[in-house]
Each structure stands twice: as C-alpha cells, then as structure tokens.
Q: 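Provided herewith is a single structure, encoded as structure tokens, for subsequent inquiry.
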Amino acid sequence: MDKNAINAVLKKIRDTETAKGNPRTKEIVNRIVQDLFYTIEDLDVQPEEFWVAVNYLTEAGRSGEYGLIAAGLGFEHFLDLRMDEAEARAGVVGGTPRTIEGPLYVAGAPETLGEARLDNGSEPGEVLFMQGQVLDDGGKPLAGALVEVWHANHLGGYSHFDQSQPAFNLRRSIRTDAQGRYRFRSVVPLGYSVPPNGATDALLKQLGRHGSRPAHIHFFVSAPGHRKLTTQINIEGDPLLWDDFAFATREGLVPALVRVTDPAILDAYQVSAPFSSIDFNFTLHVDRPALPHAEIVRPRASA
Ligand code: MBD
Ligand code: FE
C-alpha cells in the first residue's frame with residue numbers, strides 16, 4: 001500500500017480524538033499504532049499472522065508473563081541503559097552499576113538490623129555468606145541504609161511464585177549497622193528459567209533463543225538522600241554468565257566467589273560443610289531533583 005494512503009488512514013483515526021483524554025497516552029499510542037501499521041505494510045503481515053499475535057498477547061496477559069517478556073526482549077535492559085545515559089549526561093558516573101529488577105520481587109519481606117538469614121534453616125543447597133558495606137560516592141559508610149535482597153533457591157525457583165516454598169523464603173530486608181555493614185547467610189541459587197511451555201518460552205523458541213538466566217541475587221539498596229539502586233550480582237562461574245536471556249549481566253556485578261573449607265572457619269560460622277562467600281560493597285549516588293526518578297514505581301507482588 002502507498003505510504004500516503006497509510007498516512008491518510010492514520011490521520012482519519014487520529015481525527016476522531018477530542019480534546020479530552022491524556023495527551024501523553026495519545027502521543028505514545030498514536031506513535032505505536034503508526035509504527036505497527038508501517039510494520040504490517042513493510043513486512044506484508046498477513047491477517048492470520050496478525051490474529052496469531054493478538055491471541056498470543058491475550059494468552060501472555062492471562063498467564064501474567066508480560067514482565068518476563070519485557071525482560072526477555074531486552075526492554076528492561078534498554079531502560080537501564082537509558083537511565084545510565086541520563087545520569088552520565090548529568091555528570092553522575094561510577095558507583096555500583098544498576099541492572100534490571102525483573103518481575104519477581106515481592107514487597108513486605110521481614111526486616112532485620114545488620115544481618116539476616118534468608119532461608120528457614122532447612123534449605124537444601126550450598127551455604128552462602130555475603131557481606132559488605134553500603135557506601136556513598138565519597139566512600140563513606142551509610143548507616144541505616146536498606147538492603148533488600150531476593151533470589152532463587154537451588155532449583156531456580158522464587159518463593160511466592162513457586163508456591164512450594166515458605167512465604168518470603170530467600171527474601172529479606174537488612175538495615176545496615178552503624179558502620180554501613182550488611183551481612184546475610186543463605187544458599188547458593190541456581191539460575192531461573194522461564195516456565196516451560198508458557199507464553200515467554202513459546203516466543204523465545206520462535207526466536208531460536210533460550211529462556212534461562214545465570215544464577216544471580218537481586219538487590220534494592222536505598223538510603224535517605226541517595227538514589228535508589230536496583231541491581232543484581234552474579235554467581236561467578238555460571239555457564240550462562242554472559243548468555244542471560246534477560247541481558248542483565250554487567251561488568252562490576254560479578255564478584256569473586258570464595259570457597260571456604262578451613263574446618264576452623266566452618267566451625268566459627270556454624271556450618272557443617274564447605275561454603276561459599278562473597279564480599280560486595282554497594283556505592284550509592286546522592287540524589288538530585290533534576291535526575292530521572294531512580295525509584296521506579298511499578299505494580300509489584302506483595303504478601
Ligand atoms: C528472573 O529471576 C529475573 O531476575 C528476571 C530479570 C527475569 C526473569 C526471572
Ligand atoms: Fe531473578
């Protein structure tokens with residue numbers, strides 16, 4: 001079809017708008033509709049293909065997988081890169097890199113001071129200790145910062161979404177102590193994979209891709225007057241470290257994993273088998289009103 005004829009029909013649709021409604025919504029929706037009309041034209045999308053897509057989106061919504069699809073198609077990573085660039089333009093550089101939140105955070109995890117055990121005491125898997133400080137961009141410890149941590153179990157499943165796990169399993173909020181320190185005991189996670197035969201899985205298969213992530217641990221780190229950090233660290237050595245379906249691995253977020261086998265240390269830590277240990281500090285930036293919001297408001301699960 002001729003581009004002028006396409007533009008004419010786009011105009012006819014747009015001309016039905018009144019002064020009511022939301023200007024921002026109008027701008028975005030009209031742009032997306034225009035881009036999709038052009039896509040249909042340029043790629044000669046057939047009616048059957050269009051209805052496959054409509055049905056696909058319906059099913060994906062029904063199964064609650066849009067968050068996964070947003071991660072898998074790289075949208076969430078792209079939003080990170082845009083935020084990085086906005087900060088860089090404002091002279092905000094360095095600090096702990098951000099990386100995507102993903103769709104599996106649950107609000108309301110138990111909060112403790114300084115340290116926490118993330119599992120209920122009978123969690124299978126290798127014991128993991130992780131510890132460090134929350135610092136400002138001058139390297140000064142931030143006391144009273146909040147470290148929210150969540151990760152998958154030894155099978156790659158997240159509590160709440162995997163109903164076989166206890167409430168808030170492997171999810172805690174830790175308030176840093178007077179020296180800005182946090183510390184937790186947990187178990188080494190396994191990488192997550194999208195639900196087999198679900199909407200995301202089907203899409204990724206069509207794209208000739210896999211739907212797995214390397215093992216990782218999520219964090220929100222916040223402190224008054226500072227930009228909230230959304231990030232993850234990866235478990236060093238995971239075969240998918242740089243082959244993440246959600247594109248979240250970044251330089252600076254792969255701390256060394258130390259294996260502790262010294263019986264005296266195992267004793268001191270009250271652990272009966274060799275464990276892994278990760279040291280990692282979080283560096284936050286001072287917040288400024290001119291910067292885009294670092295705390296992203298979005299619907300989240302809560303319990
Ligand atoms: C996850 O665990 C995750 O972190 C992301 C980004 C997407 C899907 C599952
Ligand atoms: Fe995750």
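One-based numbering, in listed order, for ligands and for the atoms of each.
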Q: Looking only at heavy atoms of His218, does any of them come nearer than 4.0 Å to an atom of ligand 1?
A: yes
Q: Do you know which two heavy atoms are closest between Phe161 and Ala301, and how far apart they sit?
A: CZ-CB, 4.0 Å
Q: Mind checking whether His216 has an N or O less than 3.5 Å away from an N or O of ligand 1?
A: yes
Q: Flag the pair Leu10 / Asn7 as yes when at least one side-chain heavy-atom distance between them is below 4.5 Å, and no otherwise.
A: yes
Q: Could you check whether any side-chain heavy atom of Leu68 comes within less than 4.5 Å of a side-chain heavy atom of Pro195, counting everything from C-beta outward?
A: yes
Q: Going by the atom numbers of ligand 1, which of them fall below 4.0 Å from some non-hydrogen atom of Leu104?
A: 1 (C), 2 (O), 9 (C)
Q: Does any part of the side chain of Trp150, heavy atoms only, come nearer than 4.5 Å to the side chain of Glu101, both counted from C-beta?
A: yes
Q: So do Val188 and Phe275 actually touch side chain to side chain, heavy atoms under 4.5 Å?
A: no
Q: Tell me: protein heavy atom nearest atom 3 (C) of ligand 1, and distance?
A: Arg213 NH1, 3.2 Å
Q: Please work out, at 4.0 Å between heavy atoms, whether the side chain, the backbone, both, or neither of Val194 comes within that distance of ligand 1.
A: neither
Q: Quick test: of every protein heavy atom, which one is nearest to atom 7 (C) of ligand 1, and how far off is it to 0.1 Å?
A: Pro103 CD, 3.5 Å
Q: Please tell me if the side chains of Leu253 and Phe280 come closer than 4.5 Å, counting only heavy atoms from C-beta onward.
A: yes
Q: Which of the atoms in ligand 1, numbered in the order shown and given with their element, are less than 4.0 Å from a heavy-atom of Gly102?
A: 5 (C), 6 (C)
Q: Between Glu101 and ligand 1, which residue portion shows a heavy-atom distance shorter than 4.0 Å: side chain, backbone, both, or neither?
A: neither
Q: Give the atoms of ligand 1, by number and element, whose distance to some non-hydrogen atom of Ile100 is under 4.0 Å.
A: 6 (C)
Q: Under 4.0 angstrom from ligand 1, any heavy atom of Ala248?
A: no
Q: Would one find an N, O or S atom of Tyr158, in either backbone or side chain, under 2.8 Å from the Fe ion (ligand 2)?
A: yes
Q: To the nearest 0.1 Å, how far is atom 8 (C) of ligand 1 from its closest protein heavy atom, and which atom is that?
A: Leu68 CD2, 3.3 Å
Q: Report yes or no: does His218 have an N/O/S atom closer than 2.8 Å to the Fe ion (ligand 2)?
A: yes
Q: Taking all non-hydrogen atoms of both residues into account, name the closest pair between Pro214 and Thr249 and its distance.
A: CG-OG1, 4.0 Å
Q: For atom 2 (O) of ligand 1, what's the nearest protein heavy-atom neighbour? Residue, atom name and distance, please.
A: Tyr158 OH, 2.9 Å
Q: Does the pair Asp42/Lys3 count as a salt bridge with the N-to-O cut at 4.0 Å?
A: yes
Q: Going by the side-chain contact (heavy atoms from CB on, under 4.5 Å) test, name the single residue among Thr96, Val149, Val134 that passes it with Val221.
A: Val134
